Amino acid sequence: MSTGVLRVAVEAVALCGPSLPDWVSSQQVLSGMEPYCAAPIVLQAPAQLSAAERRRAVPSVKLALVVGAAAVAQSGRDAGQLAAVFASSGADGETIAAILAALATTQREVSPTRFHNSVHNAPSGYWGIAVQSREPVSSISCHDASFAAGLLEAAVQVVAAERAILLIGYDLPYPEPLNQMRHIATGFGVALVMRPAPLDASSHVALAELRLSMSSAGVASGCADCGLERLRRGNPTARSLPLLVMLAKQSGGTVRLDLSRGGLDVEVVPC
């Protein structure tokens with residue numbers, strides 16, 4: 001049973017994952033027109049950062065900023081004028097592992113750069129620097145349901161504030177030995193630019209309208225393609241794949257995302 005509906009329009013989509021380098025080149029795979037063949041994810045250095053900031057940027061920052069910048073560019077909006085929601089199941093794994101390794105030595109010396117990159121909202125800070133934004137930013141974490149929680153938070157802000165919101169989701173593997181306790185198979189990032197719905201002629205071009213509602217029970221939607229389903233199960237942010245598949249196909253329907261306690265039903269209405 002679902003109650004209450006949030007309506008938002010999706011203006012732009014970006015992603016970065018194994019064999020899914022960007023939205024344009026990935027649509028053929030997501031729509032089933034080409035087979036999915038997994039390959040290592042390639043992380044690019046964010047062009048928006050200065051050379052000094054790029055050197056300090058850790059993998060989670062690179063992934064978040066690359067997909068965020070791509071979605072904003074596709075939307076045609078000013079990144080500095082967009083409020084944002086960042087969603088990830090944890091902080092930067094490489095940084096956390098390095099800090100723990102340093103604390104296990106007799107010197108116990110931790111680099112200040114390592115420390116500021118260890119916090120969960122580090123990517124949002126780099127984003128503010130990169131696009132010179134003073135707009136509100138939220139950082140959300142909800143274990144394997146982090147993307148759904150971020151999508152819900154972003155939709156609430158779109159409706160409540162009646163403004164466009166940038167959603168950025170990202171997760172990367174942990175190095176050993178943390179990988180034994182928290183296994184994430186590969187990296188994956190996604191970003192959506194959303195604004196209020198319904199649509200009208202004066203609005204920015206939109207790909208689809210999303211109608212979100214909470215559900216108390218049910219199984220999360222999966223992917224028909226076996227490779228994409230392994231990717232979905234192997235990365236918390238990749239839980240977004242059933243929604244991305246529907247957006248790529250420009251087909252209507254409803255997908256269910258896990259929210260830990262219950263689910264989030266997302267009806268897709270193509271434009």
Side-chain angles (χ1 to χ4, degrees), residues 1-15 20 22-24 26-33 67-68 70-77 82-85 87 140 145-169 190-225 228-229 232 237-259 262-271:
M1 179 178 179
S2 300
T3 58
V5 177
L6 295 169
R7 298 177 63 188
V8 298
V10 177
E11 289 185 357
V13 184
L15 80 160
L20 301 170
D22 55 63
W23 177 244
V24 173
S26 299
Q27 289 183 66
Q28 290 290 94
V29 173
L30 293 174
S31 62
M33 300 299 291
V67 294
V72 173
Q74 185 188 135
S75 73
R77 291 184 179 270
L82 280 172
V85 173
I140 301 293
S146 292
F147 173 76
L151 178 61
L152 178 59
E153 172 66 19
V156 168
Q157 291 192 27
V158 168
V159 173
E162 297 184 339
R163 64 177 299 178
I165 298 288
L166 169 65
L167 168 64
I168 300 176
V190 63
L192 305 174
V193 176
M194 302 184 294
R195 60 170 168 76
L199 313 177
D200 59 62
S202 63
S203 302
H204 283 71
V205 174
L207 303 175
E209 180 181 319
L210 305 183
R211 298 171 183 174
L212 288 71
S213 57
M214 301 287 290
S215 180
S216 58
V219 178
S221 301
C223 296
D225 182 279
L228 290 177
E229 178 61 11
R232 185 192 75 85
T237 297
R239 304 296 200 274
S240 61
L241 276 169
L243 173 59
L244 298 178
V245 165
M246 196 164 286
L247 290 172
K249 290 181 175 180
Q250 279 291 288
S251 59
T254 300
V255 298
R256 174 165 292 173
L257 305 177
D258 181 39
L259 258 181
L264 180 65
D265 289 339
V266 185
E267 181 185 358
V268 179
V269 181
C271 296

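The figures that follow rest on heavy atoms only: side chains count, while hydrogens, waters and symmetry mates do not. These numbers come from a predicted model, not from an experiment.
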(message) Give me the atom names and distance for the closest heavy-atom approach of E11 to Q74.
(response) O-OE1, 4.0 Å
(request) Determine the minimum heavy-atom distance between A155 and M194, stating which atoms define it. (result) N-CE, 4.1 Å
(request) Evaluate the side-chain proximity of R239 to D258: yes if any heavy-atom separation is below 4.5 Å, no if none is. (result) no
(message) To the closest 0.5 Å, what do you measure between CG (L82) and CZ (R163)?
(response) 7.5 Å
(message) For a 4.5 angstrom cut-off between non-hydrogen side-chain atoms, does V10 reach V268?
(response) no
(request) In sequence, state the C-alpha distance, the side-chain angles, and the governing distance for L6 and V158, and then conclude on side chain to side chain contact (heavy atoms under 4.5 Å, CB included). (result) CA-CA 9 Å; L6 295 169; V158 168; over 6 Å; no
(message) Could you go through L228 and L20, starting from their C-alpha distance and side-chain angles, then the distance that decides it, and tell me whether this counts as side chain to side chain contact (heavy atoms under 4.5 Å, CB included)?
(response) CA-CA 10 Å; L228 290 177; L20 301 170; 4.3 Å; yes
(request) Can you spot which of L259, D265, L257, T254 makes a side-chain contact (heavy atoms from CB on, under 4.5 Å) with S215? (result) D265
(request) Give, for atom CG of L15 and atom CD of Q27, the distance between the pair rounded to the nearest 0.5 Å. (result) 9.0 Å
(request) Measure the shortest side-chain to side-chain distance between L264 and M214 over non-hydrogen atoms and say whether it is less than 4.5 angstrom. (result) yes
(request) Could you tell me whether the side chain of L243 reaches within less than 4.5 Å of the side chain of L210, counting heavy atoms only? (result) yes
(request) Decide yes or no for L167 and V190: does some side-chain heavy atom of the first lie under 4.5 Å from some side-chain heavy atom of the second? (result) no
(message) To the closest 0.5 Å, what do you measure between CG (L30) and CG (L241)?
(response) 6.5 Å
(request) Locate the shortest heavy-atom distance separating A9 from P196; write the atom from each residue and the value. (result) CB-O, 4.1 Å
(message) Looking at R256, is its backbone amide N or carbonyl O close enough to the side chain of S221 to form a donor-acceptor pair, meaning the two atoms are under 3.5 Å apart?
(response) yes
(message) Rounded to the nearest 0.5 Å, what separates atom CD in Q157 from atom CD1 in I165?
(response) 4.5 Å
(message) On a heavy-atom basis, which atom in W23 and which in V13 lie closest, and how many Å separate them?
(response) CB-O, 3.3 Å
(message) Could you report the tightest heavy-atom contact between A87 and S146, atom names first, then the distance?
(response) CB-O, 3.5 Å
(request) List the atom of S251, the atom of P270, and the distance in Å for their closest heavy-atom pair. (result) C-CG, 3.5 Å
(message) To the nearest 0.5 Å, what is the distance between CG on L151 and CG on L192?
(response) 7.0 Å
(message) Contact between L152 and I140 at the side-chain level, heavy atoms closer than 4.5 Å - yes or no?
(response) no
(message) Using 0.5 Å steps for rounding, measure from the CG atom of L207 to the OG atom of S75.
(response) 10.5 Å
